[in-house]
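Everything numeric in this text was worked out from a predicted model, so none of it was measured.
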Amino acid sequence: MCSVYCIVLIRVSSKTPSLAPTTQVVPITSVKANPTDKGVEIILETPQGTQLQVTNRSTGNNFIADVSGGQLRLPSGEAFTFRSEKPLAEIAEITVTNVDANTVRVTVVGVAVMPTVELFDDNVGLVFGVASQATAISPPQQPQTPASETPQEEPAAQMSRLNWW
């Protein structure tokens, strides 16, 4: 089904009949939000995740990904939507909805800042990894020296050492 532009490729071969390729919508049969040690994973379960195309953008505190070539469909064929409120302290909500007959939208709304989201391919479908702000922006840990190994100088001693001239 073509909405605006349609390009039909026909392969001519003497061994097989010519057929125009058909665009098939991949059913996304389940959506899950699973907590992980780094945040939460949004899993779009589908048998053909590699056929889906993802385009993402951000607006304010929102991460938005449009997944082309898919449609939220239960195994019974019914459409559905997904919503998870406050899966992390810094995430207000996650929604997954059908935008049109060929596109699914994943929206992750941050409370104060835009969330950090990564896309992974998995054998169950598409996985969006949403990092907790604590893991996403925490500075690298510096090794701490025990107090017994580093003697502390008094501020007056530090100043006299700086003013040696």
Side-chain angles (χ1 to χ4, degrees), residues 1-9 20-150:
M1 189 181 287
C2 300
S3 58
V4 178
Y5 298 99
C6 186
I7 299 174
V8 178
L9 301 174
T22 59
T23 303
Q24 186 174 3
V25 175
V26 176
I28 298 170
T29 56
S30 176
V31 178
K32 296 178 183 176
N34 294 335
T36 67
D37 58 340
K38 295 180 181 178
V40 66
E41 286 181 340
I42 306 164
I43 303 170
L44 278 58
E45 293 184 358
T46 177
Q48 303 156 327
T50 58
Q51 294 181 7
L52 301 174
Q53 299 295 316
V54 179
T55 306
N56 64 313
R57 66 183 186 282
S58 61
T59 303
N61 293 345
N62 299 326
F63 170 86
I64 302 166
D66 287 334
V67 181
S68 299
Q71 192 68 184
L72 296 175
R73 295 274 174 224
L74 295 173
S76 65
E78 286 184 65
F80 71 97
T81 60
F82 175 86
R83 183 174 183 194
S84 176
E85 293 183 0
K86 296 294 280 179
L88 298 172
E90 58 273 358
I91 302 297
E93 73 176 350
I94 297 170
T95 58
V96 184
T97 58
N98 289 325
V99 175
D100 58 33
N102 194 36
T103 307
V104 171
R105 178 166 293 155
V106 177
T107 306
V108 182
V109 180
V111 172
V113 296
M114 187 183 74
T116 303
V117 181
E118 294 182 72
L119 177 65
F120 302 96
D121 287 324
D122 194 283
N123 59 355
V124 297
L126 290 176
V127 179
F128 293 85
V130 181
S132 168
Q133 292 302 316
T135 60
I137 60 172
S138 63
Q141 294 294 326
Q142 298 294 326
Q144 294 183 354
T145 308
S148 61
E149 292 179 20
T150 307

Tightest non-hydrogen contact, residues Phe82 and Ala33, listed as CZ-CB, 3.8 Å
Heavy-atom nearest pair, Ala79 first then Asn98, reads CB-ND2, 3.8 Å
Side chains of Thr59 and Asn62: donor-acceptor distance under 3.5 Å anywhere? no
The reported gap from CD in Glu85 to OG1 in Thr95 (rounded to nearest 0.5 angstrom) is 10.5 Å
Is any side-chain heavy atom of Ser132 closer than 4.5 Å to a side-chain heavy atom of Glu90? yes
- Between Ser84 and Glu93, do the side chains contain an N or O donor and an N or O acceptor separated by less than 3.5 Å? no
Within a strict 4.5 Å, meaning less than it, do heavy atoms of the Val108 and Ile91 side chains meet? yes
**OP:** Report the C-alpha distance between Ile43 and Asn34 in whole Å, list the side-chain angles of each, state the deciding distance to 0.1 Å, and finish with yes or no for side chain to side chain contact (heavy atoms under 4.5 Å, CB included).
**Re:** CA-CA 8 Å; Ile43 303 170; Asn34 294 335; 3.3 Å; yes
Q) Can any side-chain N or O of Asp100 pair as donor or acceptor with the backbone N or O of Asn102 at less than 3.5 Å? A) yes
With a 4.5 Å limit on heavy-atom distance, are the side chains of Val96 and Val104 in contact? yes
| request: Could you go through the side chain to side chain contact (heavy atoms under 4.5 Å, CB included) check for Lys86 and Val111 one step at a time? | output: CA-CA 9 Å; Lys86 296 294 280 179; Val111 172; 3.8 Å; yes
What one should report as the nearest heavy-atom pair of Pro115 and Asn61 is CD-O, 3.4 Å
| field | Heavy-atom check, side chain of Val106 versus side chain of Leu44, under 4.5 Å | value | yes
- prompt: Is any side-chain heavy atom of Leu72 less than 4.5 Å from a side-chain heavy atom of Val31?
  reply: yes
Here the gap from Thr46 atom OG1 to Asp122 atom CG, rounded to the nearest 0.5 Å, amounts to 12.0 Å
Under 3.5 Å, is there a donor-acceptor pair between the side chain of Thr107 and the main chain of Ile64?
-> no
Is the shortest heavy-atom distance from the side chain of Asp121 to the side chain of Leu126 under 4.5 Å? yes
Only one of Ile42, Ile94, Asn56 passes side chain to side chain contact (heavy atoms under 4.5 Å, CB included) with Phe128, and that residue is Ile42
Taken to the nearest 0.5 Å, the spacing of Lys38 NZ from Thr116 OG1 works out to 12.5 Å
Separation between CZ (Phe63) and CZ (Arg57), nearest 0.5 Å, reads 10.0 Å
Notebook entry, point to check: Does a side-chain heavy-atom distance below 4.5 Å link Glu78 with Arg73?
Noted result: no
Taking every heavy atom of Gln71 against every heavy atom of Val25, the minimum-distance pair comes out as CB-CG1, 3.4 Å
